[in-house]
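Along the sequence shown, the residues carry numbers beginning at 1. Counting starts at 1 for both ligands and their atoms, following the listed order.
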Amino acid sequence: MKTSEYLEKKRINVLGYPVDVVDKERSLEIVKENIKNNKQLHIITLNPEMIINAQKNEELSNAIYNSELVIPDGSGILLAFIIKGIKSLNTVPGIELAEDTIEYCSENQLEIALLGATEEVSLAVKERLENKYPGIKIVYRANGYFTEEENIAKNIAAKTPRLLLVALGVPKQEIWIHRNKNLFPNTIIIGVGGSFDVWSGKVKRAPAFFRTLKIEWLYRLVKEPFRAKRILFALPYYTIQLLFDSLRSLLSIKMALFN
Ligand code: UDP
């Protein structure tokens with residue numbers, strides 16, 4: 001099957017979690033279709049670390065199962081695609097899909113809400129976006145260090161944003177979205193992790209060299225060594241599970257052929 005045919009209809013299973021076989025263009029098309037049809041779309045930006053995290057966290061798992069679009073953000077997910085015979089896809093970095101969606105919303109005067117990061121970062125992001133996209137409608141902004149979860153959700157919902165970006169880190173943002181998504185029936189909701197830190201200028205995204213080789217995680221590891229324990233455990237553990245999983249599938253095909 002050609003990649004384009006996969007793009008039309010495929011959602012595959014990676015270690016028990018769904019992933020949509022989409023590239024960046026198709027992801028943005030899906031976003032625009034859902035905006036036009038006034039539909040809700042919770043987008044999960046899946047990477048190996050999140051899968052390993054979800055295996056121990058039922059709420060995160062449920063958030064992934066119940067999301068409407070799961071994009072392959074992370075080269076480990078591409079490895080799973082390759083094992084399944086889908087070769088010509090690229091990762092869809094969540095930060096880039098979020099940027100494209102912001103641009104589309106500002107061109108169409110659609111309301112945007114920003115939740116997450118520190119107060120300083122949150123203010124800087126609002127200011128930078130307003131400078132970059134004159135006419136952008138940021139109807140709500142709050143930092144991610146709140147205590148009254150329910151009030152925050154209701155306050156955002158009262159502004160009926162068409163795009164809600166939640167930057168609380170994994171798994172907090174996915175769980176917050178999953179718990180509160182019933183308040184946002186017509187909203188595109190994306191958990192964007194550290195993207196606000198990047199947009200504010202506080203943190204740099206990995207240079208092109210790391211992005212081309214699809215080893216952004218290595219750059220993050222060097223720049224933020226406190227992530228070492230998480231990344232250095234999750235990546236090999238994920239790869240081993242993936243290889244065992246494909247071996248198991250191969251064996252069961254062979255057994256079926258010989259029976
Ligand atoms: N954050 C937040 N509230 C919290 C914890 C984290 O707003 O209670 C923010 C934090 O300031 C940062 C982002 O969430 O901007 C997490 O970024 P990180 O790069 O750690 O996310 P990841 O992509 O690794 O999940």
Could you establish whether Tyr145 and ligand 1 come within less than 4.0 Å of each other, counting only heavy atoms on the residue side?
yes

Carboxylate-amine/guanidinium contact Glu111 Lys137, below 4.0 Å
yes

Which ligand 1 atoms are under 4.0 Å away from a heavy-atom of Lys172?
4 (C), 8 (O)

Regarding ligand 1, does Gly116 bring an N or O atom to under 3.5 Å of one of the ligand's N or O atoms?
no

Please state which protein non-hydrogen atom is closest to atom 7 (O) of ligand 1 and give its distance, to 0.1 Å?
Ala117 N, 2.8 Å

Tell me: protein heavy atom nearest atom 15 (O) of ligand 1, and distance?
Asp197 OD2, 2.8 Å

Hey, which atoms in ligand 1 end up nearer than 4.0 Å to a heavy atom of Val170?
25 (O)

Does ligand 1 have an atom that lies less than 4.0 angstrom from a heavy atom of Arg227?
yes

I'd like the name of whichever of Gly169, Ser195, Ala167, Gly144 reaches closest to atom 9 (C) of ligand 1 through any heavy atom.
Ala167

Show your reasoning for whether ring-ring contact (aromatic ring centres under 6.0 Å, His included) applies to Tyr219 and Phe209.
CA-CA 10 Å; Tyr219 178 79; Phe209 167 80; over 10 Å; no

Ligand 1 contacted by Glu174 (non-hydrogen, < 4.0 Å)
no

Using the six-membered ring wherever Trp is involved, compare the ring planes of Phe184 and Trp176 and label them parallel, tilted or perpendicular (cut-offs 30° and 60°).
tilted

Under 4.0 Å from a heavy atom of Arg230: which atoms of ligand 1 are those, numbered in the order shown and with their elements?
24 (O)

Distance to 0.1 Å, residue and atom name: give those for the protein heavy atom nearest to atom 13 (C) of ligand 1.
Gly193 O, 3.6 Å

Flag Arg220 as yes when one of its N or O atoms lies below 3.5 Å from any N or O atom of ligand 1, and as no otherwise.
yes

Is any NZ, NE, NH1 or NH2 atom of the basic residue among Arg248 and Asp245 found under 4.0 Å from an Asp or Glu carboxylate oxygen of the other?
yes

OG1 of Thr118 to CG of Leu123, rounded to nearest 0.5 Å, is 8.5 Å

Glu49 and salt bridge (charged side-chain N to carboxylate O under 4.0 Å, His left out): which single residue from Arg220, Lys56, Lys229, Arg230 fits?
Arg230

Is it true that Glu33 and Lys36 have a side-chain N and a carboxylate O under 4.0 angstrom from each other?
no

Between Lys32 and Glu29 (salt bridge meaning N to carboxylate O under 4.0 Å), is one present in this structure?
no

